[in-house]
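See below for the structure under consideration.
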There are 2 protein chains.
Amino acid sequence: MDGSPPHSSLTYNGRRIISAIRTHGPQSRADLARRLDIKPSTVTRLTGPMVAEGLLTEAPDPSREGRKGYPARLLSIDPRGVCTAGVYIDPDRIMTCIADLAGDALAVEETPVPDRSFEALMTEAGASVARLMERTGIDPRRMAGCGVSYPGQYSGDPTRVARIRQFRDWPEVNVERDLSPWFGMPVRHMNDAKAACMAELYHGACRGLSNFCHVWLSYGIGGAAIVDQQPYLGRNALAAEWGGLFPKSRPRPSGQDLLDVLAAEGIVLDRLSDLRDDHLELPVVRGWEERAADQLQWLCLVIARTFAPEAIVIGGTLHPRLMDGLIQAVRAAEPLGEDYFVAPPAILKAEQDGLPQLGAAALPIHEIFNPSTYPGAVSKLR
Amino acid sequence: MDGSPPHSSLTYNGRRIISAIRTHGPQSRADLARRLDIKPSTVTRLTGPMVAEGLLTEAPDPSREGRKGYPARLLSIDPRGVCTAGVYIDPDRIMTCIADLAGDALAVEETPVPDRSFEALMTEAGASVARLMERTGIDPRRMAGCGVSYPGQYSGDPTRVARIRQFRDWPEVNVERDLSPWFGMPVRHMNDAKAACMAELYHGACRGLSNFCHVWLSYGIGGAAIVDQQPYLGRNALAAEWGGLFPKSRPRPSGQDLLDVLAAEGIVLDRLSDLRDDHLELPVVRGWEERAADQLQWLCLVIARTFAPEAIVIGGTLHPRLMDGLIQAVRAAEPLGEDYFVAPPAILKAEQDGLPQLGAAALPIHEIFNPSTYPGAVSKLR
DNA sequence: CGGATTAAATTGCATTCCAGAACAAAAGAC
DNA sequence: GTCTTTTGTTCTGGAATGCAATTTAATCCG
């Protein structure tokens, strides 16, 4: 059809339009002009090519039926207008997917990790993405890029991705130089918790929220803070790494801590996923759950009093019933401390924590559609 | 001379230029072009009117003397190019100033509060600013606006300034409608702690820093968080109100708490400023200081692990020797907890906490010179 | 039924702002 | 004295938006 991908020609206000539709749902050109404080003519001009290229779709507005005036046509994002690939790597497995703009996974794959070397992992991940592309028959021009995430904290130079404990032998990884070659498209990276947070921002419980915090419970305790619809990373990308509030030498509400507590009772599990339903009935697990709930209540209170987010979303890879129990406990702990004279932030349950590679797949979307990541020189007119 | 004030015609890149000079010091047009990734021709075109209007001044660059090429001319901000007024109101007094762009107060005034009604206070504040304008003989066209700050927390509708405890009888205050009429120029508002933080950003210890947190110790415990050179307010502007981490029913590191502790020992002081040097030697004050230092250490640890700022700046209206002691104690508490594998944030002493009205005076500067507050329609070129 | 009214969407032209390229100016280097 | 280097300027063109008039399709109402 045409040579250039449908997202490559978006102007700054073009991104704002996509962003507004994503946040506030399908709406007319006139609504967009009012919301974004730009002229209707600008909206018409910018949306024209987007509709032609299949990025947006038009539909009549039923809610305005029976009212005077020219009937409005609602603009919606066509989920299949652009797709992205997501790669999640942990010490045990590689999980990949092709996802559309609605966050639906068109295809997923899970591959065991044979060898933890950087080369072996990236070779396998690249091959997996290529297989998924083949299987779904996606037009490569519609692929906006590939997101890659893996657990671990950052350290030192923020332009480079950190080496992490589980992958000690990896080289010093630089996204552009070391990651991109394996996937044949632009590559973005964040650690597992921050990528999972992006999935909640674009496809999950926090869709369109401007300011919220994320708590990620896996083997460790991770997290992220979203400020004005972008991740706030802080110094060395250490912001919202809540684990730092719980010293490793003491009991903490992490998956590894649960495994340690179980092991001390003689129940040795290798992975979190080995935790079966009947384990949950054990007194030792009940006890851990109660203590972890207290610690999470305290954590949410601290988050509420520091970031004052609109919401706190909690997700992770612990057993679903553990997650549910912890979230219920935090919700019950209102009013989140004394001295509160306004309503506390909403406590939300993550919706996309079952598919960690979806978070990675959200990274290219952020890069391409978010106004704040618009590249190049800047001008503003008034 | 000319009819419009020198700051009113700044384009978006014009603001970026001012901002870059403020952050990185005097520099040549070529430096600015490289730093901001815009063309030298653009810098020439934009700086021309600024120099002509007296907003910028030119000087030869001694550091490039003896080197090849056309000698560079350094551009500096002329502190007197634009001035602002600042008004700080507390239950006991009204403090006002006229300040220039360097944060020098050209004139200050302190007036006792006769009557805490909104009308009386604003009448007196407006008259005071008018007297200062008269005294300094400032050209009204050079006045960018007036900042107004007073202590208290926000609640409810963030478009309106909150009613606070000390001023319970005030009406529901709306900045545009209720504050502007008294001062004859544009008015901006933040509470005392957040305004003080703006003074540190523009004139003090954190000049030009992108991300930092502020701890404000007065009768209460306030604070602010700066993200990308703008205040991050959060839900209901409650972000970084650190006092929320210390329930009022228990000992907390606030000035009011110190007065309460002293009162319990039979030493009844009415105001913080009544605390004399010899009070500091009392065992009860020593004890309070020690406990408050522990609490501040904990607070800074929490800030470091949540916001991960580049720096934490501590200021307030406590006795200077108390402030110094507390800051020293926090600095000595490195490494700010275990599990830290990168350097902790710098602990800085506020430089402008002696003149609270200067924080208010920084608000119009932020509004006028910060790229992120640029009004009107938006476009970006690439 | 048909003109008046209403609001959305479109079109052509004007304006604003920046990039690009050629050029001018001032200094040291050879 | 000419060449080289770097800063700074000028002028033109292009990209993006605003502005104002116009078209379009629906309801309202006599």
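Values reported hereafter were calculated over all heavy atoms of this structure, with side chains retained and with hydrogens, waters and symmetry mates removed. The chains referred to below are lettered A, B, ... by the order of the sequence lines, with proteins before strands, and numbering in each begins at 1.
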Interatomic distance, [X] [atom1] vs [N] [atom2] [rounded to whole Å]:
X       : N      : atom1 : atom2 : answer
A/Arg64 : C/dT6  : CZ    : P     : 13 Å
B/Asp31 : D/dT6  : CG    : P     : 13 Å
A/Ile38 : C/dT16 : CD1   : C1'   : 16 Å
A/Gln27 : C/dA9  : CD    : C1'   : 15 Å
A/Arg67 : C/dA8  : CZ    : P     : 9 Å
B/Tyr70 : D/dG8  : OH    : P     : 7 Å
B/Leu74 : D/dG8  : CG    : P     : 9 Å
B/Lys39 : D/dT10 : NZ    : C1'   : 16 Å

Using a cut-off of less than 4.0 Å, is there contact between a side-chain N or O of [X] and OP1 or OP2 of [N]?
X       : N      : value
A/Lys68 : C/dT5  : no
B/Arg45 : C/dC18 : yes
A/Asn13 : D/dA16 : no
A/Arg34 : C/dA8  : yes
B/Ser28 : D/dT7  : no
A/Arg73 : D/dA25 : no

Spell out, as yes or no, whether a donor-acceptor pair under 3.5 Å connects the side chain of [X] to the backbone of [Y].
X        : Y        : value
A/Thr47  : A/Met50  : no
A/Thr23  : A/Ala20  : no
B/Gln229 : B/Gly208 : yes
A/Glu200 : A/Ala205 : yes

Which nucleotide sits closest to the side chain of [X]: [options]?
X       : options               : value
B/Thr44 : C/dA21, C/dA7, D/dG8  : D/dG8
A/Arg29 : C/dA21, D/dT7, C/dA9  : C/dA9
A/Thr11 : C/dA7, D/dT17, C/dC18 : D/dT17
A/Ala30 : C/dA9, D/dG8, C/dG20  : C/dA9
B/Pro40 : D/dT9, C/dC18, D/dC19 : D/dT9

Position toward the 5' end of DNA chain C (nearest nucleotide), A/Thr47 or A/Gly69:
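Nearest-nucleotide comparison on DNA chain C picks A/Gly69.
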A/Pro71 or B/Thr42, whichever maps to the more 5' nucleotide of DNA chain C
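The residue whose closest nucleotide sits nearer the 5' end is A/Pro71.
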So B/Gly48, base contact, sugar-phosphate only, or nothing? Heavy-atom distance under 4.0 Å.
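No contact.
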Do the non-hydrogen side-chain atoms of A/Leu101 and A/Tyr202 ever get within less than 4.5 Å of each other?
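Not touching, per the 4.5 Å side-chain cut-off.
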In a check of side chain to side chain donor-acceptor pair (under 3.5 Å) between B/Arg80 and each of B/Thr57, B/Asp100, B/Asp139, B/Asp104, which one passes?
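Single pass found, and it is B/Asp100.
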